[in-house]
Amino acid sequence: NKDVTVSLSSQGSRVLIGTPRGEDYTAKTEVLEFDEETNGWEPLGQTFIHDFSQNSCPDVLSFSGEGNRFALGCSMNGKILQIFALKSVY
């Protein structure tokens, strides 16, 4: 899908994937982490669902260097910016 937005952490071990709004006016953002044991990408934390009724967002994604924080932005109309921090659970 050409409308999918992706950001990779500086170590390359986490990827942030954003899909634009669908017919239900929600957009979805997921964080995946590379698992060396399975040699695959696994979901990290919850999937974020966003209600952007008027916009095709998020259209801007950015990870912090270490991949522990990320920002989601919408450059249309209201210019929305949301910042999230991933919490480690041991």
Side-chain angles (χ1 to χ4, degrees):
N1 184 335
K2 67 178 181 150
D3 295 325
V4 171
T5 307
V6 177
S7 180
L8 189 64
S9 66
S10 61
Q11 297 94 356
S13 60
R14 291 184 178 170
V15 64
L16 181 63
I17 302 171
T19 56
R21 73 177 175 98
E23 292 178 13
D24 61 353
Y25 295 104
T26 60
K28 179 171 76 168
T29 303
E30 297 179 276
V31 179
L32 303 176
E33 184 169 49
F34 189 74
D35 184 334
E36 292 183 17
E37 288 182 24
T38 64
N39 199 32
W41 294 94
E42 301 293 332
L44 182 65
Q46 69 186 45
T47 297
F48 296 87
I49 306 295
H50 315 279
D51 180 8
F52 292 112
S53 303
Q54 305 299 315
N55 302 305
S56 171
C57 291
D59 58 1
V60 178
L61 303 176
S62 183
F63 252 131
S64 60
E66 73 283 350
N68 292 329
R69 286 183 228 101
F70 62 93
L72 307 175
C74 178
S75 61
M76 302 173 73
N77 296 334
K79 302 210 182 334
I80 300 164
L81 175 67
Q82 297 173 310
I83 299 173
F84 298 89
L86 295 171
K87 187 166 105 176
S88 297
V89 178
Y90 298 97

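Because the structure is a prediction, the values reported are computed rather than measured.
Of all non-hydrogen atoms in G67 and S9, the two that sit nearest each other are CA-CB, 3.9 Å. Smallest separation of non-hydrogen atoms from L8 and R14: CD1-O, 3.3 Å. V31 approaches F70 most closely through the heavy-atom pair CG2-CE2, 3.7 Å. When all heavy atoms of S7 and S62 are compared, the closest pair comes out as OG-CA, 3.8 Å.
The environment of E36 atom CD is sparse: at most 12 non-hydrogen atoms of other residues, nucleotides or ligands sit within 6.0 angstrom.
Atom CG of L16 is separated from atom CG of L44 by 10.5 Å, given to the nearest 0.5 angstrom.
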